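Below is one structure, written out as structure tokens; comments come after it.
All heavy atoms count here, side chains included; hydrogens, waters and symmetry mates do not. Since we're looking at a predicted model, the values are computed, not measured.
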Amino acid sequence: MPKFTLPIEKVDLEDRDLIGKNFANFYYLRNYPNVRFPNSFFVTSLGFQETLSAHWKDLENLLSTNSSSLEVIEKTKEILKNKLKLNSELKSEISHRIKSFKKPLVVTANLIYPNKGQEKQIFTATLENERTLFEAVVGAYLSFLQPETVKPFISLNELRGLNVVLMISEKIFPEVSGKAFVNFLDKDKIRIYSLWGEYDKNSTKDISVINKSDLTEASYFIAQQKEQIAFIKGSYRPLAVSEKFQNQRKLDLKRSLEIANVWKKIETQTLVEISLIYAISRNKIFITEIEVNSNTTKLFQEALGSVISLPLISTLKPIFPGIATGVSKLIAKKSDFKNLHHGE
């Protein structure tokens, strides 16, 4: 059984500890026939820990300087880059996984703060072929060394608590791409950005606004897009959009509602607000990223980690709509939690 890698189609919610909650959320896409995910696999946190295990002492110099300046961090990264060696078993698993993958490849790294329950993307690279893949993996692992990452940690043990997990995927070449999310000022509406070509948060975008309650379109704003981003011959380049398409709607109503439906179902199951990054290629919708919004109320994560304060439940109905429940139990005080069994 593979030790360091996990194919995306095998992901389960119990894999959160190995790949983080954002990557584990791809589990929810299994049962949606109208959307899919790229051909991908994950390199678990075990790969990061194995790779860094012999080098944490080198980081003591970084911490002993009592400085998190960019200059000190870049010098440390350069030293580690020359020393870091990937485990032979890890390299073998990665090589085996990518044999059937079409090129280019995309490597994405998420940094996990286990004690804070937070994650963020810290690295992404698109590779024309696999020759530089292992070099990219090393670069992804070292990308956790940033001023904002190192500064909060005052000891080596605290820094060692961080994890970096990777997603290695086939590159999707989208005709249209975008993002689905909820604005915290108007949580009853799902907003879907769309634009020609690769998703770029700084580009002008169409905005489809979908009513969350009944999944109907409330409004659609068309943005004039004169330029799109495309991946050509190993790099992302701007290309002109022909005048005919500049003021054309990027995302038709059917696609908007399909994406909104996926967003709503995942939110219902995770109990947190999420953002979806999608790409449409050859009339197929691919979800390429699922991110739990950092400012949302993490009720589900809190419930897993500690006892939370809940009101008296006397209706004997599920507390969260859309979540399967077992036998209903009355919770009147905190001590009643110890009488609960798995599934109730």
Side-chain angles (χ1 to χ4, degrees), residues 22 25-26 28-29 32 34-38 106 108 119-121 124 171-231 236-297:
N22 286 343
N25 281 336
F26 277 95
Y28 294 113
L29 294 180
Y32 297 116
N34 294 328
V35 298
R36 58 191 68 199
F37 37 70
V106 178
T108 304
E119 299 179 19
K120 69 172 183 177
Q121 187 180 118
T124 183
K171 174 80 180 76
I172 301 296
F173 292 90
E175 292 96 37
V176 175
S177 60
K179 178 180 181 179
F181 66 102
V182 163
N183 189 315
F184 72 95
L185 295 176
D186 188 5
K187 295 190 176 184
D188 294 328
K189 302 287 194 298
I190 302 170
R191 282 168 168 74
I192 304 177
Y193 289 159
S194 59
L195 67 163
W196 301 122
E198 301 282 346
Y199 179 67
D200 176 16
K201 63 181 180 181
N202 297 317
S203 296
T204 57
K205 313 167 191 69
D206 285 13
I207 305 174
S208 174
V209 179
I210 307 295
N211 295 311
K212 192 197 294 187
S213 58
D214 58 2
L215 293 181
T216 56
E217 188 172 74
S219 63
Y220 193 98
F221 168 76
I222 298 178
Q224 186 180 33
Q225 185 181 349
K226 297 182 178 181
E227 197 172 77
Q228 63 178 313
I229 304 298
F231 186 78
Y236 290 92
R237 304 180 186 182
L239 294 177
V241 175
S242 65
E243 191 172 340
K244 175 183 177 181
F245 293 97
Q246 288 179 10
N247 295 297
Q248 192 177 106
R249 177 170 173 154
K250 321 300 186 299
L251 199 63
D252 62 37
L253 178 60
K254 179 182 177 182
R255 297 297 193 197
S256 293
L257 297 182
E258 286 176 343
I259 293 168
N261 183 46
V262 171
W263 186 97
K264 183 177 179 180
K265 287 186 176 180
I266 294 178
E267 186 216 30
T268 300
Q269 294 177 84
T270 58
L271 306 181
V272 294
E273 293 172 13
I274 60 168
S275 298
L276 299 180
I277 303 296
Y278 69 89
I280 298 177
S281 178
R282 298 181 181 179
N283 292 321
K284 298 181 179 68
I285 301 175
F286 294 87
I287 304 298
T288 58
E289 292 180 36
I290 304 175
E291 180 182 3
V292 175
N293 294 343
S294 58
N295 62 343
T296 192
T297 302

Side chain to side chain donor-acceptor pair (under 3.5 Å) against K250, all qualifying residues, sequence neighbours excluded: D206
Listed by chain and number, what are the side chain to side chain donor-acceptor pair (under 3.5 Å) partners of R255, not counting sequence neighbours?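 In terms of side chain to side chain donor-acceptor pair (under 3.5 Å), with neighbours along the sequence ignored, R255 is linked to E258.
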Carefully, step by step, assess Y278 and L251 under the rule side chain to side chain contact (heavy atoms under 4.5 Å, CB included). CA-CA 12 Å; Y278 69 89; L251 199 63; 3.5 Å; yes
Could you give all pairs that pass the salt bridge (charged side-chain N to carboxylate O under 4.0 Å, His left out) test and reach residues 171-184, with sequence neighbours left out? K171-E198
Pairs flagged by salt bridge (charged side-chain N to carboxylate O under 4.0 Å, His left out) wherever residues 213-227 is involved - sequence neighbours left out: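 Qualifying pairs: E217-R249.
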Flag the pair [X] / [Y] as yes when at least one side-chain heavy-atom distance between them is below 4.5 Å, and no otherwise.
| X | Y | result |
| --- | --- | --- |
| Q121 | E291 | no |
| L195 | S177 | yes |
| I290 | T270 | no |
| S203 | W196 | no |

Once rounded to the nearest 0.5 Å, what's the spacing between atom [atom1] of [X] and atom [atom2] of [Y]?
| X | Y | atom1 | atom2 | value |
| --- | --- | --- | --- | --- |
| I280 | D252 | CD1 | CG | 7.0 Å |
| L276 | E289 | CG | CD | 10.0 Å |
| L239 | Q228 | CG | CD | 5.5 Å |
| E273 | W263 | CD | CH2 | 6.0 Å |
| F231 | I172 | CZ | CD1 | 13.0 Å |
| N261 | I190 | CG | CD1 | 8.5 Å |

Among V182, V209, I210, side chain to side chain contact (heavy atoms under 4.5 Å, CB included) partner for R191: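 Considering V182, V209, I210, a side chain to side chain contact (heavy atoms under 4.5 Å, CB included) with R191 is found only for V209.
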Could you report the tightest heavy-atom contact between [X] and [Y], atom names first, then the distance?
| X | Y | result |
| --- | --- | --- |
| D200 | K205 | O-CE, 3.5 Å |
| L257 | L215 | CD2-O, 3.3 Å |
| S256 | I192 | O-CD1, 3.2 Å |
| P174 | S281 | CA-CB, 4.3 Å |

F173: which residues meet the ring pair (Phe, Tyr, Trp, His ring centres under 6.0 Å) condition with it, sequence neighbours left out? none
Who passes ring pair (Phe, Tyr, Trp, His ring centres under 6.0 Å) against F286, sequence neighbours left out?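 Once residues adjacent in sequence are excluded, F286 has no partner under the ring pair (Phe, Tyr, Trp, His ring centres under 6.0 Å) criterion.
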Can a donor-acceptor pair be found, under 3.5 Å and without considering hydrogens, that links the side chain of [X] to the backbone of [Y]?
| X | Y | answer |
| --- | --- | --- |
| K284 | A279 | no |
| T108 | T124 | no |
| T216 | N211 | no |
| S275 | F181 | no |

Is there a side chain to side chain contact (heavy atoms under 4.5 Å, CB included) between F245 and Q225 once you walk through the steps? CA-CA 8 Å; F245 293 97; Q225 185 181 349; over 6 Å; no
Could you walk me through whether I207 and Y193 pass the side chain to side chain contact (heavy atoms under 4.5 Å, CB included) check? CA-CA 5 Å; I207 305 174; Y193 289 159; 3.8 Å; yes
